[in-house]
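We count ligands from 1, going down the list as the structure has it; atoms in each ligand are counted the same way. Positions are given from 1 along the sequence. Just so we're clear, the structure is a prediction, and the values are computed from it rather than from any experiment.
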Amino acid sequence: MSMLTGALARQAAEIVRQAGKLLTEPDAVQTIIPKSRTDFVTNVDLFVQERIRGRLNRLAPDVQFLGEEGEKAAIDPGRPFWILDPVDGTTNLIHRFGHSAVSLALAEHGQVCFGVVYQPYSGECFTAFRGKGAFLNGRPIRVSGAARLEESLLSAGTVPGRRDLADRAFRQMRSLYDRCQDIRRAGCASLDLCWVACGRLEGYVELALQPWDYAAGLLLVEEAGGEVTAPDGGPLSLTEGGAVLASNRLLHPALIETLKQ
Ligand code: IPD
Ligand code: CA
Ligand code: CA
């Protein structure tokens with residue numbers, strides 16, 4: 001039995017959209033706290049998480065909550081839980097780059113059953129429901145039909161918080177670059193996944209992500225006909241992070257092969 005109803009999904013998406021608008025306020029960022037030299041949290045990340053957490057709690061008090069910011073309560077994966085990235089693309093937010101998103105997923109029975117990723121600058125709202133499809137502002141989306149890497153546009157993440165992985169990430173990027181049309185790096189993992197889902201990109205790879213970066217986007221890609229795995233084709237966890245490879249499915253074997261080199 002699933003706890004997900006159309007009403008719950010609609011209300012959760014509305015909560016995300018309302019909170020997401022805060023990212024676009026011109027002077028939204030007032031405080032920048034470094035978590036490390038290359039990883040930051042702002043007052044916006046903290047405020048958006050608290051606002052969404054409070055509203056979700058009123059909406060569905062029995063659902064556990066896993067959010068990027070602050071203390072993380074232990075999650076019992078046998079019971080439903082929300083997975084929230086209040087601002088995916090914090091460095092973009094700090095630089096007023098206009099490319100960040102709020103990403104929320106609902107996990108139950110070990111898989112994501114609902115995901116929403118909202119890009120407040122463009123007003124694009126991506127939603128997915130397990131077994132029922134993926135949508136952009138309510139319209140169904142599909143992955144691209146490109147069947148050759150030579151026809152592909154890819155995104156490769158630079159793992160900014162894990163400089164120890166930089167050499168590997170840039171070597172892999174070079175291998176991919178030699179076979180695809182071009183590579184993009186826009187700085188928001190959840191939107192990279194959504195862009196694979198709607199066919200703007202054929203694939204996306206990043207060597208270290210957390211469940212809040214990919215939980216919602218993973219369902220978007222799968223429901224749009226694509227595939228999301230670890231770069232060796234293995235499964236992803238919803239409670240531990242890992243490396244992520246997403247594709248339009250047709251290119252998955254070629255991407256796995258290229259990333260091995
Ligand atoms: C980051 C972004 C970025 C990705 C990093 C993530 P954050 O999330 O998604 O694109 O390269 O690995 O950590 O820190 O802005 O929420
Ligand atoms: Ca993130
Ligand atoms: Ca974040």
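Here Arg130 does not pair with Glu108 in a salt bridge; the nearest charged N to carboxylate O distance is not below 4.0 Å. Salt-bridge formation is not detected for the pair Arg179/Glu257: no Lys NZ or Arg NE/NH1/NH2 atom is positioned less than 4.0 Å from an Asp or Glu carboxylate oxygen. The pair Arg174-Asp178 meets the salt-bridge criterion, since a charged nitrogen lies less than 4.0 angstrom from a carboxylate oxygen.
No side-chain N or O of Ser103 forms a donor-acceptor pair with one of Asp88 less than 3.5 Å apart.
Shown in contact with Val87 at under 4.0 Å from a heavy atom are these atoms of ligand 1, numbered in order with element: 16 (O). Contact atoms of ligand 1 toward Glu68: 16 (O) (distance under 4.0 Å to a heavy atom of the residue). Ligand-side atoms of ligand 1 in range of Gly89: 7 (P), 15 (O), 16 (O), range being under 4.0 angstrom from any heavy atom. Per-residue contacts place Thr90 under 4.0 angstrom from the following atoms of ligand 1 (heavy atoms of the residue considered): 15 (O). Near Cys188, meaning under 4.0 Å from any of its heavy atoms, are these atoms of ligand 1: 9 (O), 10 (O).
Not a single N, O or S atom of Glu69, from either the backbone or the side chain, sits less than 3.0 Å from the Ca ion (ligand 3). None of the N, O or S atoms belonging to Asp213 lies under 3.0 Å away from the Ca ion (ligand 3). Under 3.0 Å from the Ca ion (ligand 3) lies no N/O/S atom of Trp212, from backbone or side chain alike.
Under the 4.0 angstrom criterion for non-hydrogen atoms, Gly161 is not in contact with ligand 1. Distances shorter than 4.0 angstrom do not occur between any heavy atom of Arg162 and any atom of ligand 1.
Geometrically, ligand 1 and Ala189 share a nitrogen or oxygen pair separated by less than 3.5 Å. The shortest N or O to N or O distance between Asp85 and ligand 1 is under 3.5 Å. In terms of N/O distances under 3.5 Å, ligand 1 is approached by Arg185. Polar contact check, Thr158 against ligand 1: no nitrogen or oxygen pair lies under 3.5 Å apart. Between Val159 and ligand 1, no N or O atom pair is found at a separation short of 3.5 Å. Close N/O approach between Asp88 and ligand 1 is found [any backbone or side-chain N/O within under 3.5 Å]. By the 3.5 Å distance cut-off applied to N or O atoms, Leu209 is not counted among the residues near ligand 1. Residue-to-ligand polar distances keep Gly157 apart from ligand 1: every N/O pair is separated by 3.5 Å or more.
Screening Val87, Leu22, Ile52, Asp85 for a side-chain contact (heavy atoms from CB on, under 4.5 Å) with Val102, the sole residue that qualifies is Ile52. Checked options Ile94, Val29, Ile32; the residue passing with Val44 is Val29 (criterion: side-chain contact (heavy atoms from CB on, under 4.5 Å)). Among the candidates Glu151, Glu202, Arg249, the single residue satisfying the side-chain hydrogen bond (donor to acceptor under 3.5 Å, both in side chains) test with Ser144 is Glu202.
Neither the backbone nor the side chain of His99 comes within contact range of ligand 1; no heavy atom lies under 4.0 Å. The proximity of Glu206 to ligand 1, defined as any non-hydrogen pair under 4.0 Å, is limited to the side chain. Counting heavy atoms under 4.0 Å from ligand 1, residue Asn92 does not touch it at all. Counting heavy atoms under 4.0 Å from ligand 1, residue Asp213 touches it through the side chain alone. The side chain of Pro160, and not its backbone, has at least one atom closer than 4.0 Å to an atom of ligand 1 (non-hydrogen atoms only; side chain from C-beta on).
Glu68 places no side-chain N or O within donor-acceptor distance of the main-chain N or O of Leu84, the cut-off being under 3.5 Å.
Nearest heavy-atom pair, Tyr214 versus Gly242, reported as atom, atom and distance to 0.1 Å: OH-N, 4.2 Å. For the residue pair Leu259 and Gln172, the shortest heavy atom distance occurs at O-NE2, 3.4 Å. Scanning both residues, Ala12 and Leu56, for their nearest heavy atoms gives CB-CD2, 4.2 Å. Here the closest heavy-atom approach between residue Val221 and residue Ser247 is recorded as CG1-O, 3.7 Å. Pairing each heavy atom of Leu23 with each of Ala28, the nearest pair is O-CB, 4.4 Å.
Relative orientation of the His99 and Trp195 rings is perpendicular, given thresholds of 30° and 60° on the angle between their planes.
Shortest distance from the Ca ion (ligand 2) to Asp88 is reached at OD1 (N/O/S atoms only). Distances from the Ca ion (ligand 3) to the N/O/S atoms of Asp85 are shortest for OD1.
Rounded to 10 degrees, the OE1-metal-O angle spanning Glu68 and Val87 at the Ca ion (ligand 3) equals 160°.
Residues Ile141 and Leu220 meet the side-chain proximity criterion, which asks for heavy atoms closer than 4.5 Å. Leu153 has its side chain out of reach of Arg200: every pair of non-hydrogen atoms, C-beta onward, lies at least 4.5 Å apart.
Nearest non-hydrogen protein atom to atom 3 (C) of ligand 1 is Gly187 O, 3.7 Å.
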